[in-house]
Amino acid sequence: ILEKRLLLPPEETDGGGSRQNSIFHHHRRRRFRLNSPAMSDSSADVKSLAQFLLRRHSDQLRSIALSTDSKLHYPLYVEFAELLEDDYSLAGLVFSQPTEYLRFFDQAAVWAHKIIMEEFKGSEKGVKKEFIHVRIDINGSLFELSKSGTVIRSGAIKMYEGERWYSCQKCQHSFLVYPELETRNSVQLPSYCPMQRSKFCGGTNFKYLEGSITCHDYQEIKIQESTHVLGVGAIPRSILVILKDDLVDIVKAGDDIIVTGVLTARWSPDLKDVRCDLDPVLIANHVRRTNELKSDITIPHDVIMKFDQFWSEFKDTPLKGRNAILRGVCPQIFGLFTVKLAVALTLIGGVQHVDASGTKVRGESHLLLVGDPGTGKSQFLKFAAKLSNRSVITTGLGSSSAGLTVTAVKDAGEWMLEAGALVLADGGLCCIDEFDSMREHDRATIHEAMEQQTISVAKAGLVTTLSTRTIVFGATNPKGQYDPDQYTKNPEWDGVVSSHILFEGKPEKDETAEELSKIWPFPLLRRYIQYVKEHFSPILTKEAETVISSYYQLQRRSATHNAARTTVRMLESLIRLAQAHARLMFRNEVTRLDAITAILCIESSMTTSAIVDSVGNALHSNFTDNPDLEYINQERLILEKLRSFDESSE
C-alpha cells in the first residue's frame, strides 16, 4: 500500500498537470530518503520520534511525569494518521518494520519524558519513569490493518523475563537482547558484537550482566470473528493475541475489541524429531474496547426525518401507526399480533435504573414463546436475531450450562476461560430454541445471567465476573397432553391463513416498499429499533404509575402462594414493557396507553388465570382495521376492573 501511494505514475493522476508531476517527483525524493544510510542510524530515528512526541503529545508526557508510581508501565497514545501527517517516511518505516521501530518509539518516549522532566527540575511534582510504551491506533488511517473481533478466551496474567543486557568480552560494549516471543521467549545472541564504530570488533563471546533483566506482565487471549457478519455455514476464524505490560487485564471474555499489532507466527524450537507447527499470533500494540460504542447501524438524517414525518401523519391514530410498524415483524407469518408486539417490545427494551446505592435494575426483558409445533416459533427467533445488532442462536438440546455461560479449557498446559453463548451475546440477543430440551440444572445456571446480567466464575483457579447484558429469547413446545374435548377448529381463521400462505410474495399492484402505512421494510425497521433504543429514555407519568400500581395490587391480592416473588417480578416487567412501548411510539414519557398495553401483554401470557378477560387467544390474534377504537374499549374494561378493586379494598 505504501509503495502504491508513493509511486503513482503521472498518467494515473488527475490530468498530468505540472503540480501533479511536481508532487510525484517530490514523492520519489522522499522515497529515496527511506533507503538512505542516514536514516538507517537508529539514534537518528529515535531522535525524530522523540521530537514528534514533544510536538504532538507533550500534554500526555506531562501527565505521565506527574504520576507518582515510577515502576508502573505507562501508555502513550498516538494516532497513526498524526505520524503520517507529520513525517510519512518515518511512518512508513514504523509500518514496514514494526518490531524494530515500535521499540525505537518506546525509547523515544522515555527520551522525551526526560526532556519534559527538565520542566519539573527543583520541584517535587515530577517523578522519573522507566517504562513508557507508545500505543499506536492505526484505525481510521489509510492503513486499515487492525483486527476486530470478540474475545472468546482469556488466560491468566503471568510474568515473563524480557530484554536483558549483555557485554562483549573483547571490547566491553554493552547491548540489549530481546527474547523472541515467536520461539516461546527464547534468547538468541548475535553472531558477532553489534558495536557500530569505525573499527569492526568481531567479538563472539558475550557475558550476561547480572540483574539487568526487565520483567513484563503477559497475558494471552483469543479473539474470534463476529458471528453476525458471517454467512450461513461459515465457521468463524480465531487468532491468538498476546498482551503485554499496560495492556493486560483490560479486556474480558465477551468483549468486542479492535487490536492493532504485529502479526507473526509462533513455534517450539526445542522439540526434536517433532513436526514444527506454526501458529499465527498477533502481538498487540494497541487495544480498543468497542462494547460501549454506538451500533454500527448507520441512520442517515433523511431516515430520521422519515420517522418524524411518519408519526406526524399518525398523530391522531397512533396505534394504527404502531401496527404498521409491527406488520414488518416477521411478515411471512400471518396474524399473531400479540406475539409480534411482544417480540418488538422485547427487542426495544426498557430503561436501566440505578438506585442511590449503585444497584442496577436491568432494562432488558426476556421472552419465552410456548406453542405447538408449526406455529412459527423458530421463525420469530431467526427474524429477531437478524433485527438485533449482535446475536447468538443456539438450541437447548445441544447446549450445556458451560456452553451457555463460560467454561474452563486447558490450552498448552494453561487454563483459560472460554465464553459461552450468553457472554458472546453481551449487549445483544441470545436465542435458545427447544428451550424445553435443556436439563433442569442447565436452566438454573442461567438465572444469574438473566436477572443480574453477570456470570460469576470460579473454575480451575480462575475467579472473575463476566458481563451478560443480553436479552434471552427462548422457544419451547408445551408440556402435557392435548385435551380431546376442547374444540380447536376455526374455519374462518383457517381460510384466512391458507389464503395468506398461497398468495405470499405476491403484493398488490398499489403496494410499494415506501408505503410505510402498510408495512415497513426490514432495513428501515432495524434502523428504527436501534434509533429509539439510543435516543429515548421514557419516564412514567402519574396516570401510568396509578394504572400499574392498581394492577400490581390486584395481582398481589389474587395470588395464592409465592405471591411476593411472582408479583414483584411482574411489576418490574410491567414497567419495562411500558417503557419499551413508549419508545416504540416515539415518545419520551410513559402514558396510560403504554401502561395498559403492558398489562395486555402480561395478560396474554396468563390465559388460565387472567384477571382481565379481554385479550383472547394469542394464536388467533390479528391486526384490526381500527386499533385505536378497539383500545378505547379495552381501556374502559381494564379501568372499570381496577376501579372496582380500589373501591372494594377501601
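Everything quoted here is computed from the prediction, not taken from an experiment.
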Q: With no hydrogens and no angle check, just 3.5 Å: does a side-chain donor-acceptor pair link Ser467 and Asp426?
A: yes
Q: Give a yes or no answer on whether the side chain of His133 reaches the backbone of His73 with a donor-acceptor pair at less than 3.5 Å.
A: no
Q: How far apart are the C-alpha atoms of Gln352 and Arg362, what are their side-chain angles, what is the distance that settles it, and do they pass the side-chain contact (heavy atoms from CB on, under 4.5 Å) test?
A: CA-CA 5 Å; Gln352 186 186 61; Arg362 61 182 171 90; 5.7 Å; no
Q: Under the criterion salt bridge (charged side-chain N to carboxylate O under 4.0 Å, His left out), I'd like the reasoning laid out for Lys71 against Glu130: C-alpha separation, chi angles, the key distance, then a yes or no.
A: CA-CA 7 Å; Lys71 298 298 181 182; Glu130 299 181 14; 3.3 Å; yes
Q: Take Leu243 and Tyr218 through the side-chain contact (heavy atoms from CB on, under 4.5 Å) test and state the conclusion after the steps.
A: CA-CA 6 Å; Leu243 307 178; Tyr218 178 92; over 6 Å; no
Q: Which atom pair, heavy atoms only, marks the closest approach of Thr470 to Cys430?
A: OG1-N, 3.5 Å
Q: Indicate whether any N or O donor in one side chain lies under 3.5 Å from an N or O acceptor in the other, for Glu79 and Tyr77.
A: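 Side chains of Glu79 and Tyr77: no pair found under 3.5 Å.
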Q: List the residues meeting side-chain contact (heavy atoms from CB on, under 4.5 Å) with Lys129, not counting sequence neighbours, and say none if there are none.
A: Ile64, Ser67, Tyr74, His113, Val127, Ile132
Q: Set out, in order, the CA-CA distance, both residues' side-chain angles and the distance that settles side-chain contact (heavy atoms from CB on, under 4.5 Å) for Glu82 and Phe80, then state yes or no.
A: CA-CA 5 Å; Glu82 290 181 333; Phe80 187 75; over 6 Å; no
Q: Would you check if there is a donor-acceptor pair between the side chains of Thr150 and Asp256 at a distance under 3.5 Å?
A: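 Side chains of Asp256 and Thr150: pair found under 3.5 Å.
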Q: Considering residues at least two apart in sequence or located in another chain, which fulfil the side-chain contact (heavy atoms from CB on, under 4.5 Å) criterion with Ser456?
A: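 Counting only residues at least two positions away or on another chain, Ser456 forms a side-chain contact (heavy atoms from CB on, under 4.5 Å) with Glu448, Thr465.
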Q: Please give me the minimum heavy-atom distance between Leu347 and Ile471, naming the atom from each residue.
A: O-CD1, 4.0 Å
Q: Which heavy atom of Leu429 sits nearest to which heavy atom of Ala425, and what is that distance?
A: O-CB, 3.6 Å
Q: Among residues at least two apart in sequence or on other chains, which ones pass side-chain contact (heavy atoms from CB on, under 4.5 Å) with Ser378?
A: Asp433
Q: Side chain of Ser48, backbone of Ala44: donor and acceptor closer than 3.5 Å?
A: yes
Q: For residues 168-179, dump all side-chain donor-acceptor pairs below 3.5 Å to protein atoms at least two apart in sequence or in another chain.
A:
unit_1 : atom_1 : unit_2 : atom_2 : d
Lys170 : NZ     : Cys201 : O      : 2.8
Gln172 : NE2    : Gln169 : O      : 3.2

Q: Not counting sequence neighbours, list each pair that qualifies as a ring-ring contact (aromatic ring centres under 6.0 Å, His included) and has a residue in residues 49-68.
A: Phe52-His57
Q: Do Ser58 side-chain atoms and Arg55 backbone N/O form a donor-acceptor pair below 3.5 Å?
A: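 No: the side chain of Ser58 does not pair with the backbone of Arg55.
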Q: For Gly155, does its backbone N or O pair with a side-chain atom of Gln219 as donor and acceptor, under 3.5 Å?
A: yes
Q: Considering non-hydrogen atoms only, spot the tightest contact between Gly162 and Ile213 and give its length.
A: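 Smallest interatomic distance, heavy atoms only, reads N-CG2, 4.1 Å.
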Q: Output, in order, the C-alpha distance, side-chain angles, deciding distance and verdict of side-chain contact (heavy atoms from CB on, under 4.5 Å) for Leu209 and Arg164.
A: CA-CA 8 Å; Leu209 300 182; Arg164 70 282 314 269; over 6 Å; no
Q: Under 4.5 Å between any side-chain heavy atoms of Arg153 and Ile221, yes or no?
A: no
Q: Please name the pair of heavy atoms, one in Asp245 and one in Arg135, separated by the smallest distance, quoted to 0.1 Å.
A: CB-NH2, 4.1 Å
Q: Taking salt bridge (Lys or Arg N to Asp or Glu O under 4.0 Å) as the criterion, tell me which of Arg266, Lys244, Lys158 meets it with Glu220.
A: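 Exactly one option meets the salt bridge (Lys or Arg N to Asp or Glu O under 4.0 Å) with Glu220, and it is Arg266.
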Q: So do the side chains of Val134 and Leu102 get within less than 4.5 Å of each other, counting heavy atoms only?
A: no
Q: Compare every heavy atom of Ala421 with every heavy atom of Thr394, then report the nearest pair and how far apart it is.
A: CG2-CB, 4.5 Å
Q: What residues form a side-chain contact (heavy atoms from CB on, under 4.5 Å) with Phe522, not counting sequence neighbours?
A: Phe383, Lys386, Leu387, Arg526
Q: State whether a side-chain donor-acceptor pair under 3.5 Å links His447 with Gln452.
A: no
